[in-house]
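All values below come from the heavy atoms of this structure, side chains included, with hydrogens, waters and symmetry mates left out. Convention: sequence-line order gives letters A, B, ...; per-chain numbering from 1.
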There are 2 protein chains.
Amino acid sequence: MSRNDRLRLDNQLCFALYACAREVTKLYRPFLDELGLTYTQYVTMLVLWETDEIPVKTLGQRLHLDSGTLTPLLKKLQAAGLIIRERNAADERSVIVRLTEQGRALESLVLEIPDKVLCQTSLPLEELSLLREQLHKLTETIHQSEYSNLD
Amino acid sequence: MSRNDRLRLDNQLCFALYACAREVTKLYRPFLDELGLTYTQYVTMLVLWETDEIPVKTLGQRLHLDSGTLTPLLKKLQAAGLIIRERNAADERSVIVRLTEQGRALESLVLEIPDKVLCQTSLPLEELSLLREQLHKLTETIHQSEYSNLD
DNA sequence: TAAAATTAAATTGTATACAATCAATATACA
DNA sequence: TGTATATTGATTGTATACAATTTAATTTTA
């Protein structure tokens with residue numbers, strides 16, 4: 001690749017990711033708006049539906065988000081009646097997030113959303129699945145290299 | 001895929017994109033910090049190095065960003081002396097963004113960054129290139145479907 | 001075991017994102 | 001021509017992201 005081409009926006013993997021992530025997120029918005037959830041709140045709920053009673057720390061590791069993002073977001077979910085936050089009695093430094101009945105019930109209203117969104121991409125399921133695996137791999141590799149940089 | 005699996009975070013293409021995009025962006029931060037640029041400011045500069053003297057509107061289409069994001073960002077780039085913003089004399093509704101000498105000079109300091117970042121992903125170039133193409137395709141498909149929804 | 005180091009959240013400050021609205025300008029067309 | 005419509009940026013308000021710092025609790029260690 002020539003010196004010039006290397007900086008072309010369309011040759012940047014980072015920009016392809018950045019733009020694509022935002023476009024896909026936009027597809028979720030109309031569905032999530034109906035439920036009063038933002039996209040980040042939605043993925044947070046996905047984790048909680050998988051693993052209830054989880055420390056903020058673990059939630060952050062799962063979502064690649066820190067407390068600066070999660071604390072205000074979780075306060076909003078709590079204000080909406082979907083979760084409860086309480087200190088871990090065994091270790092008061094830790095805050096445990098727990099679903100309310102209402103929070104648990106919301107899962108059934110969300111079940112169809114991923115399919116509806118994927119349909120709009122009009123790509124074969126297999127291709128989407130492959131893409132997802134490649135992204136996981138890349139994310140993991142980067143994450144590993146970040147940890148190894150802590151030496 | 002079972003009813004349960006469909007909502008698993010790790011099965012969501014959207015989350016794979018969302019997390020991966022943020023991880024890759026983080027790889028740029030140390031390099032961009034040295035130059036006093038944020039990631040969004042960096043991709044904005046990439047467009048300007050390709051196409052100088054561009055309306056805000058076109059810049060937004062290229063970056064998939066609207067004026068709510070671009071206006072304050074461009075004011076910061078102007079304050080940093082990298083660009084000039086001026087109304088188009090031929091159409092006063094439009095604002096033209098133009099590089100300063102300093103803005104143009106910055107390109108040479110950025111040339112090596114993409115390679116340095118990609119190295120850290122330790123993926124074969126060919127694989128990265130394929131991934132980029134798939135993302136472009138997906139982004140375009142979504143974008144098209146958004147336009148067709150305007151009926 | 002008391003001081004030092006570590007850990008987990010919360011807080012603070014800066015910079016996006018983006019929907020919704022507004023204001024200025026330009027265009028269409030009756 | 002004169003007005004309705006459309007276009008372009010700017011503004012406002014809400015919600016992330018994330019670095020850096022602070023606070024409180026726990027663990028390590030001299």
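Out of D:dA10, C:dA10, D:dT8, the shortest distance to the side chain of B:Arg87 is found at D:dA10. For B:Gln41, whose side chain is taken as the heavy atoms from C-beta onward, the closest listed nucleotide among C:dA10, C:dA15, D:dA10 is C:dA15. Closest to the side chain of A:Arg93, from the set D:dC18, D:dA15, C:dT6, is C:dT6. Closest to the B:Asp91 side chain, of the nucleotides C:dT25, C:dA15, D:dA15, is C:dT25. For A:Tyr18, taking side-chain heavy atoms from C-beta onward, the closest of the listed nucleotides C:dT16, C:dA17, D:dT16 is C:dA17. Set against D:dA17, D:dT11, C:dC18, the side chain of B:Thr71 has D:dT11 as its closest nucleotide. In this structure, of D:dA17, D:dT26, D:dG9, it is D:dT26 that holds the atom nearest to the side chain of A:Glu92. Of all nucleotides listed (D:dA17, C:dA9, C:dC18), C:dC18 comes nearest to the side chain of B:Asp66.
We find that CD of A:Gln78 is positioned 14 Å from C1' of C:dA9, with the value rounded to whole Å. One atom, CG of A:Leu77, and another, P of D:dT16, lie 8 Å apart when rounded to the nearest Å. Atom pair B:Tyr28:OH and C:dT16:C1' shows a separation of 18 Å (rounding to whole Å applied). A:Leu65 places its CG atom 6 Å from the P atom of D:dA17, with the value rounded to the nearest Å. Atom-to-atom, CG of A:Leu37 to C1' of D:dT16 comes out at 14 Å; the value is rounded to the nearest Å. Remark: C1' of D:dA19 and CG of B:Leu27 are 16 Å apart, rounded to the nearest angstrom. Atom CG of A:Leu74 and atom P of D:dA15 are 14 Å apart (whole Å). When the C1' atom of C:dA9 is taken as reference, atom CD1 of A:Ile83 falls 14 Å away, rounded to whole Å.
By the rule that hydrophobic residues join a cluster once side-chain heavy atoms approach within less than 4.5 Å of another member, B:Leu59 and B:Ile96 end up as members of separate clusters.
With hydrogens and angles ignored, a donor-acceptor pair closer than 3.5 Å exists between the side chain of A:Ser67 and the base of C:dA10.
As judged by a 4.0 angstrom heavy-atom cut-off over every strand, A:Pro72 is placed among residues making no nucleic acid contact. The residue B:Thr40 sits close only to the backbone: its heavy atoms come under 4.0 Å of sugar-phosphate atoms, none of a base. Here A:Leu70 lies out of heavy-atom contact (under 4.0 Å) with every strand.
Judged by distance alone, the side chain of A:Ser129 and the main-chain N or O of A:Leu125 form no donor-acceptor pair under 3.5 Å.
For the OP1/OP2 pair of D:dT14 and a distance below 4.0 Å, the side-chain nitrogens and oxygens of A:Lys76 include no atom meeting the criterion. Side-chain nitrogen and oxygen atoms of A:Thr38 include at least one within less than 4.0 Å of the OP1 or OP2 phosphate oxygen of D:dT16. Here B:Thr25 does not reach the OP1 or OP2 of D:dA17: none of its side-chain N or O atoms lies under 4.0 Å away. At least one side-chain nitrogen or oxygen of A:Lys75 sits closer than 4.0 Å to the OP1 or OP2 atom of C:dT11.
Take the nearest nucleotide of DNA chain D for B:Thr69 and for A:Leu73: the residue whose nucleotide is more 5' is B:Thr69. Mapping B:Asn88 and A:Arg22 onto DNA chain C by nearest heavy atom places A:Arg22 at the nucleotide closer to the 5' end.
A distance of 11.0 Å separates CG of B:Leu17 from CZ of A:Arg132, quoted to the nearest 0.5 Å. Within the model, atoms OH of A:Tyr39 and CZ of B:Phe15 stand 7.5 Å from one another, a figure rounded to the nearest 0.5 Å.
Two residues are said to be in side-chain contact when any heavy atoms from C-beta on lie closer than 4.5 Å; B:Leu131 and A:Leu135 meet this criterion.
Between B:Ser122 and A:Thr141, the shortest heavy-atom distance links the atoms OG-CG2, 3.1 Å.
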